[in-house]
Amino acid sequence: MSTAMNFGSKTFQPRPPDKGSFPLDHFGECKSFKEKFMKCLRDNKFENALCRKESKAYLECRMERQLMAQEPLEKLGFGDLTDGKPKAETNS
Amino acid sequence: MGGLWRPPWRPVAFCGWRWSHRGSAARAAERVVPCLRPGRSGTGGAERALRRLGTWRRPSPASELALQPPPPPPPPRRPKSTNPFTRAQEEDWRRRNKTVLTYVAAAAVGMLGASYAAVPLYRLYCQTTGLGGSAVAGHASDQIENMVPVKDRIIKVTFNADVHASLQWNFRPQQTEIYVVPGETALAFYKAKNPTDKPVIGISTYNVVPFEAGQYFNKIQCFCFEEQRLNPQEEVDMPVFFYIDPEFAEDPRMVNVDLITLSYTFFEAKEGQQLPVPGYH
């Protein structure tokens, strides 16, 4: 958030999220899934492509416990994982 | 003698005066006569000419009433010349003046309308071209379904968390960075703790640096722009589910961009306060 008075330059326009806001997980119902995801990230040097199964599991946990609107996983970009053939190769 | 009376001949006197300033006064009277407006009834041309020279003395009211009929209404505007050719020319000029005036008035009204129409038109233009980081139209959920990750372009996304001075939460990201590719959805976590003994409501906004990359940074779901209430001594995980648009890899301006920083800032929200949510709806 810049407080500089530069009226000539373009400013950043925040956009609302596509599906709105996550309800807060006050009771920590999906905390174990989150811990698994964070551990996967730390083990794989924070590469997201290698931990997509864990993130899918976290979102599924949220959907089961009414902490997220139910959506088919393909619409969330997990189409490759739901087919059962995980695409986990990356070029680094 | 009448009091102050405004001489009606003043504009017409220039007609004669220009030519007669060298001659004698009598000659001037002769020259002035043709400049008189025809059709003005009165006591005669010579009398009116004398009036112009200031030697006319007003008749007594009784004789004035007897001599002068009530003045007719001023005639409609007529061409000043009596020559039929110049009169036709004057008519032509008058018509052309009217046409030009109509065009100018239409142009003025058109400019006013264009200035009103410019606002939605410019917004449409920005949405289609995506200039200035504004929202690019056409982001539907079926786009997420069909997008293909661009595997050879790895981008590092770092996370930053800020809190307004009046908000006493402990707000921090749970990972310092994450490596993603455009077209692949990614999950990241922030953590917030309310160490006070009172429930506090916060509301957050975000910022993406570099700012041109911000238009490709799409959040599917996050925790911003809505009030989030934390009970005393409560700690929660706040996820952000996002992806980078695959068109990022095709933008020539983004060739050198390898690092994107996502920064969230939490503010305290008062009860019942209505904050404007960004977006065009």
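Residue numbers begin at 1 in each chain, while the letters A, B, ... track the order of the sequences.
For Asn256(B), the CG atom is loosely surrounded, since the number of other residues' heavy atoms within 6.0 Å does not exceed 12. For Gln168(B), the CD atom counts as loosely surrounded, since its 6.0 Å shell holds 12 or fewer non-hydrogen atoms of other residues, nucleotides or ligands.
Distance check, rounded to the nearest 0.5 Å: NZ of Lys56(A) to OG1 of Thr185(B) gives 11.5 Å. Atom CD1 of Ile154(B) sits about 11.0 Å away from atom CG of Asn48(A), to the nearest 0.5 Å. For the atom pair CZ of Phe241(B) and CG of Asp18(A), the computed distance is 11.0 Å after rounding to the nearest 0.5 Å. In this structure, the separation between NZ on Lys45(A) and CD1 on Ile178(B) is 15.0 Å, given to the nearest 0.5 Å.
For the residue pair Arg15(A) and Gly214(B), the shortest heavy atom distance occurs at NH2-O, 2.9 Å. Taking each heavy atom of Pro16(A) and Lys219(B) in turn, the nearest pair found is C-NZ, 4.3 Å. Residues Gln221(B) and Gly20(A) approach most closely at CG-O, 3.1 Å, considering heavy atoms.
Shown here are the salt bridge (charged side-chain N to carboxylate O under 4.0 Å, His left out) partners of Asp251(B), two or more places apart in sequence or in another chain: Arg253(B). With sequence neighbours excluded, the residues forming a salt bridge (charged side-chain N to carboxylate O under 4.0 Å, His left out) with Lys39(A) are Asp43(A), listed by chain and number. Among residues two or more places apart in sequence or in another chain, the ring-ring contact (aromatic ring centres under 6.0 Å, His included) test is passed with Tyr58(A) by Phe189(B).
Residues Pro17(A) and Phe223(B) form no side-chain contact, since every pair of their non-hydrogen atoms from C-beta on lies 4.5 Å or further apart. Considering only heavy atoms from C-beta on, Leu24(A) comes within 4.5 Å of Val236(B) through its side chain.
For residues 26-35 of chain A, a heavy-atom distance under 4.5 Å to chain B picks out His26(A), Lys31(A), Lys34(A), given by residue number.
Of the two parts of Gln175(B), the backbone and the side chain both hold a non-hydrogen atom closer than 4.5 Å to a non-hydrogen atom of chain A. At a 4.5 Å heavy-atom cutoff, Val209(B) makes no contact with chain A through either its backbone or its side chain. Looking at Leu76(A), the atoms closer than 4.5 Å to chain B (heavy atoms on both sides) sit in the backbone and in the side chain alike. For Phe217(B), the part lying under 4.5 angstrom from a heavy atom of chain A is the backbone only.
Just one residue in the list Glu226(B), Glu227(B), Met238(B) forms a side chain to side chain contact (heavy atoms under 4.5 Å, CB included) with Ser21(A), and that residue is Glu226(B).
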